[in-house]
Amino acid sequence: MAAQFHQFTCLEDNYGVLAHDPSTGATASIDAPEAGPVLAALKEKGWTLTHVLVTHHHNDHIGGVAELRANYPAVQVVAPAADRARIPGADLYVNEGDEVRVGAMRALVIATPGHTSGHIVYHMPDEKALFAGDTLFAMGCGRAFEAPGQVLYQSVMKLAGLPGDTQVYCGHEYTMSNGRFAQKVDPDNAALDARMDEVAALRAKGLATVPTNMDLERATNPFLRVDDPGVRRTLGMENASSADVFAELRERKNRG
Ligand code: ZN
Ligand code: FE
């Protein structure tokens with residue numbers, strides 16, 4: 001039976017996601033922004049928590065871990081090895097290339113330094129799903145808090161080549177703000193304008209704009225379009241390196 005995914009809102013604009021393997025009953029929470037909504041989602045689905053897959057150490061991603069463990073003492077908490085000191089008490093620390101098993105589901109670890117130095121994402125190739133944390137967002141990417149934009153570029157490029165039908169789950173609902181910025185730097189992109197109309201309609205109804213997918217991101221996310229002549233022309237960076245164009249985009253987005 002195919003894996004099942006359930007996404008729900010947490011805190012202000014975070015998303016929680018449960019990944020469930022019906023054949024074994026194994027269920028992973030990707031990050032734990034806060035315990036309450038994760039526990040409620042588990043109850044609603046009738047699923048038992050077996051794993052927490054942590055992407056990075058920010059409190060809006062690990063704040064609920066202790067309370068989840070109190071409710072599910074057998075839970076396996078998986079966290080980036082590079083952040084052993086900042087995410088103490090995990091059961092398993094993982095590195096790029098490691099494979100985490102959640103029942104019959106396989107999650108491959110990809111290191112994506114940038115937003116934080118230890119940030120990792122989880123790719124489930126068989127389920128065509130990517131849990132991107134705060135590295136890649138719909139039409140945007142995370143802030144490069146702990147590495148230069150050029151390093152975050154290398155991280156985002158690792159994800160850019162994933163199959164187009166990969167469902168991308170993101171840590172936050174930042175799509176409207178990202179899309180408005182995208183339209184400024186990629187003004188002649190009809191696919192982007194069409195997507196923004198859809199996104200605005202979803203948000204007007206209070207609905208989620210994620211998960212997204214890699215095909216859509218490659219067509220509309222300026223951070224994946226740093227080699228597009230139109231984007232480069234808008235920035236006046238026709239001859240710059242891809243990493244420098246990316247870093248400039250990140251800087252401009254920071255300034256609003
Ligand atoms: Zn974060
Ligand atoms: Fe976050």
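Residues take their numbers from the sequence shown, with the count starting at 1. Just so you know, ligand 1 is whichever comes first in the structure, and atom 1 is the first atom listed for that ligand.
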Asker: Compare all side-chain heavy atoms of Asp134 with those of Arg143 and state whether any distance is below 4.5 angstrom.
Answerer: no
Asker: Could you state the interatomic distance from OG1 (Thr27) to NE2 (His20), rounded to the nearest 0.5 Å?
Answerer: 5.0 Å
Asker: Would you give the length of the straight line joining atom CD of Gln76 to atom CG of Leu53, rounded to the nearest 0.5 angstrom?
Answerer: 10.0 Å
Asker: Which word best sums up how the rings of His58 and His61 line up, parallel for under 30°, tilted for 30 to 60°, or perpendicular for over 60°?
Answerer: tilted
Asker: Answer yes or no: is there a side-chain heavy-atom contact under 4.5 Å between Thr212 and Arg195?
Answerer: yes
Asker: Run the side chain to side chain donor-acceptor pair (under 3.5 Å) check on Asn254 and Arg250 step by step: do they pass?
Answerer: CA-CA 6 Å; Asn254 293 350; Arg250 193 52 265 176; 2.8 Å; yes
Asker: Quick one: name the protein N/O/S atoms under 2.8 Å from the Zn ion (ligand 1), chain by chain.
Answerer: His56 NE2, His58 ND1, His115 NE2, Asp134 OD2
Asker: Please report how many protein N/O/S atoms lie under 2.8 Å from the Fe ion (ligand 2).
Answerer: 4
Asker: Tyr169 vs Phe5 aromatic rings, parallel, tilted or perpendicular, using cut-offs 30° and 60°?
Answerer: tilted
Asker: Establish, from distance only, whether the side-chain atoms of Thr24 and Arg101 form a donor-acceptor pair under 3.5 Å.
Answerer: no
Asker: Will you find, in the side chains of Ser177 and Lys253, an N or O donor that is under 3.5 Å from an N or O acceptor?
Answerer: yes
